[in-house]
Amino acid sequence: MELTVTKKVKANILSTSISLVATIIILFVFLYLVGKDPFEVMQKMLTEVFGTGYGIGQAIFKATPLIICGCGLAFCFQASLFNIGAEGQLNLGVFVMSIVAYMFDDYLGIFILPIAVAIGFAVSAFWGFIPAYIKIKRGVSEVITTIMMNFISLALINYFLIEFLAVKSTVRTEKILDVISIPKLSVFSDYFEGSSANLTFFFAIALAAATYFIFYKTSFGYKLRAVGLNPKASRYLGINTNKMTVIAFMIGAGITSLVGLNFVFGYKGYYEYGFSNNLGFTAIAVTLLAKNNPIGIIFTALLFGIMDYGGLSVNTLVPKEIMLVFQALVILSILSFDRIIKIYYLKEK
Amino acid sequence: MLESIITYSFFMQVFRMFTPYYLGASAATFSERSGVVNIAIEGFMIISAFSYAAITIATQNPYLGLIGGLIIGILFSLFFSLFTIKLKINQIVIGVGFNLLMAGLAKFLMLLFFHSSSNTPGYPHIPRLPFLKSIPMIGDLTGDSIIIFALLLVFISQTVLFKTRFGLRLRSVGENPEAAETLGIKVRLYKSGGVIICGLLASLGGIWLASNQGSFSDGMVAGRGYIAIAAMIIGKWKPMNIFFACLMFAFFESLEIALQISGSGIPSQFVQMLPYLITILVLIGFVGKTKPPAADGIPY
């Protein structure tokens, strides 16, 4: 038994590293083909990101929401629920969160922060409850419902924003009082001067640690993973799979709303339409690459954060959209190498 | 108020909007009938719309753009079948990856080639058909070869799927691959066939959008690939029903545009979300029962 576990762990590490190397090779060849010098791009990126505290701070700032959203998605993925609706779930939650915060910030001061966050969490959780409920009651795949609900939630937000809540001729809500904010890292150390990285990063790490603990050290986590691995067998073991589906979806969707801590309270002070910039989809790549392991998610999110800011920093050499291609290639190669290693290394069918 | 919206040009608009929906929805149908779920219709539309644009700009020949766009569609469907049929990876996850890849590639290449993050320069559209374009009243529709093809496709796909040996085998592979295999049908070959037809039709939808708009812009496909999948579900995987579902969605889209222009006070966002809302309601079972092919989405 011990032996098979280590072999599985080895296989996981093997497939993650092979896919990363393969992706980078494909990207290099691709850059070369379109007439760019891949080594120059790589070098510029590394010096820009790691050369200054600002660069590192920005990479951390970009990684923070990915860790949070990744943990939320991991709750669903561990239970084999393919939640593609994070984009809609987190937008709706963060939207409501920032409205609540700026409406009551005068009366409640800093106390509005936990209240607003709790309400945002509840809204996202509710948005996650719908596909879960439809799945257990009607057997409809969560994939289709969550895709459809992404569009619905964005249209809803757009409506309320444009018609009632946006500051004139913008697509953002009004600014929350400055006192209600999460301190930037630059407050504590001049090293991060100018970057938007804030204390939410440490919250994200703590969240990942807590999620890890729940998955692997509690009976709830055991049940969650059992449902994901083999729903039929779990039912025989007396696990209420329907209940687990609903709980996993609600907690997972709820957690995605916490990215608002980083953007709204840690950075801008308001909700802006399109702030998430496909965060809900990028987080799918982050989570898959980490094999749904929350500790792994910290590292893959940091990698994507580095790539994200790195992409911006090499924009003069090559369009930053190269990072979109990179993310997609990571997803595709991790999936294929997982499969190939399963067939040829673990000899599974 | 309704009279001011439902006009002759509105009617024409509905049939124009119908075209990419129907091409995308029949694309998805061919793939799912063979048992492969392809949620990357959106991506296929984007990448071939961009290919049409880029090639037409480079060569100033829209026919080369058309052929190039279709070839790109086929290439990506070959990749798609490699991942989903040969390696048997979860089709939905692969679909998400493909959507990200194709949308990302189009964005990246647009910046690289045309130095703009919003749109490409203009280019000629696919020439109108002689004679047919000069039919009074409906010349705008009948002169467009892809619109004509989309309308004919209702009968073509109905016939191919239900009246030919290929269609019967394709469907049997999607319903019960084990049984099909026992009867000597090459399951993977038929699945690949379904996926390639899917890529071709979805690409044609993207090409039509690009040709019709006269310049490729970021976000121009605007979720039509997903609405196409919704239309397929509502149409219960049947070409004739899908035709009506697509007409309905085309009607909503045209209505949304008309409402925006007329400033009627009815929020366009609600019309915008109708297709998605209706799809969910259909799936829940409010509007009749839906049943996908029995082995849909299961690798074989």
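Chain identifiers are assigned alphabetically (A, B, ...) following the order of the sequence lines, protein sequences preceding nucleic acid strands; residue numbering begins at 1 within each chain.
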When you compare the side chain of B/Ile280 with that of A/Ile152, does any pair of heavy atoms fall below 4.5 Å? yes
Between B/Phe98, B/Tyr226, B/Phe83, which has the largest tally of heavy atom pairs under 4.5 Å with chain A? B/Tyr226
Does anything in residues 71-79 of chain B get under 4.5 Å of chain A by heavy atoms, and if so which residues? none
Examine whether an atom of B/Val96 lies under 4.5 Å from a heavy atom of chain A, and if so say whether it belongs to the side chain, the backbone or both; otherwise answer neither. side chain
Of all the heavy-atom pairs spanning B/Leu283 and A/Val140, show the shortest one and how long it is. O-CG2, 3.4 Å
What residues of residues 126-137 of chain A sit under 4.5 Å from chain B when only non-hydrogen atoms are counted? A/Ile134
What residues of residues 32-42 of chain A sit under 4.5 Å from chain B when you count only heavy atoms? A/Val34, A/Lys36
Give a yes or no answer on whether the side chain of A/Arg339 reaches the backbone of B/Leu87 with a donor-acceptor pair at less than 3.5 Å. yes
Determine, step by step, whether B/Leu100 and A/Gln327 satisfy the side-chain contact (heavy atoms from CB on, under 4.5 Å) criterion, reporting the C-alpha distance in whole Å, the side-chain angles of both residues, the deciding distance to 0.1 Å, and the verdict. CA-CA 8 Å; B/Leu100 290 175; A/Gln327 290 166 2; 5.7 Å; no
Is it the backbone or the side chain of B/Leu82 that comes under 4.5 Å from a heavy atom of chain A, or both, or neither? neither
Turns out that what part of B/Leu109 lies under 4.5 Å from chain A's heavy atoms comes down to side chain
Checking side-chain contact (heavy atoms from CB on, under 4.5 Å) for the pair B/Val93/A/Leu288: CA distance, chi angles, key distance, verdict? CA-CA 10 Å; B/Val93 193; A/Leu288 285 179; 3.6 Å; yes
Report which part of B/Leu277 has an atom under 4.5 Å of a heavy atom belonging to chain A: side chain, backbone, both, or neither. both
Would you please classify the geometry between the A/Phe151 ring and the B/Tyr276 ring as parallel, tilted or perpendicular, with 30° and 60° separating the classes? parallel
Check whether any side-chain heavy atom of B/Gln269 sits under 4.5 Å from a side-chain heavy atom of A/Leu156, and report yes or no. no
Roughly how far, to the nearest 0.5 Å, is the CG atom of A/Leu324 from the CG atom of B/Leu101? 10.0 Å
Point-to-point distance, once rounded to the nearest 0.5 Å, from CG of A/Leu335 to CD1 of B/Ile94: 4.5 Å
Would you call A/Phe82 and B/Asn90 a side-chain contact if the rule is heavy atoms closer than 4.5 Å? no
Heavy atoms only: give me the nearest B/Gly97-A/Ile331 pair and the separation to one decimal. CA-CG2, 4.3 Å
Between B/Phe108 and A/Phe326, ring centroids under 6.0 Å: no
So, using side-chain contact (heavy atoms from CB on, under 4.5 Å) as the criterion, who are the partners of B/Cys246 when residues are at least two apart? B/Phe18, B/Tyr21, B/Tyr22, B/Ala25, B/Ala231, B/Ile242
